[in-house]
Amino acid sequence: MTHYALTQSVALAADLEAKGFLGTVGKIAAATIIFFIAIGLIVGLILGYFIGRSVGRRQGSGG
């Protein structure tokens, strides 16, 4: 009976460790995705600003 309890304890510990590892990997993946989305938004804003200025300048001088 003691051997069974010890085996179950080891299995439970391994299961909790695996879930913790997967949770950590999930958090890293989510942080990476959020990071790239933020970079994309910043680059998009910068590009939009400069493209908007160039297009606005052309329309202003043409009229």
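These values consider heavy atoms only, across backbone and side chains, with no hydrogens, waters or symmetry-generated copies.
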Same cluster (ILVMFWY, side-chain, under 4.5 Å), Ile42 and Ile51
no
Holding to side-chain contact (heavy atoms from CB on, under 4.5 Å), I want the full list of residues that pass it with Val43, two or more places apart in sequence or in another chain.
Ile39, Leu47
Pairs meeting criterion side-chain hydrogen bond (donor to acceptor under 3.5 Å, both in side chains) with involvement of residues 37-50, two or more places apart:
Tyr49-Arg53
For Leu45, which residues count as a side-chain contact (heavy atoms from CB on, under 4.5 Å) partner, sequence neighbours excluded?
none
Pairing residues for Ile28 by the side-chain contact (heavy atoms from CB on, under 4.5 Å) criterion, not counting sequence neighbours:
Thr24, Thr32
If you link I, L, V, M, F, W and Y whenever their side-chain heavy atoms are under 4.5 Å apart, who else ends up in the same group as Ile37?
Ile33, Leu41
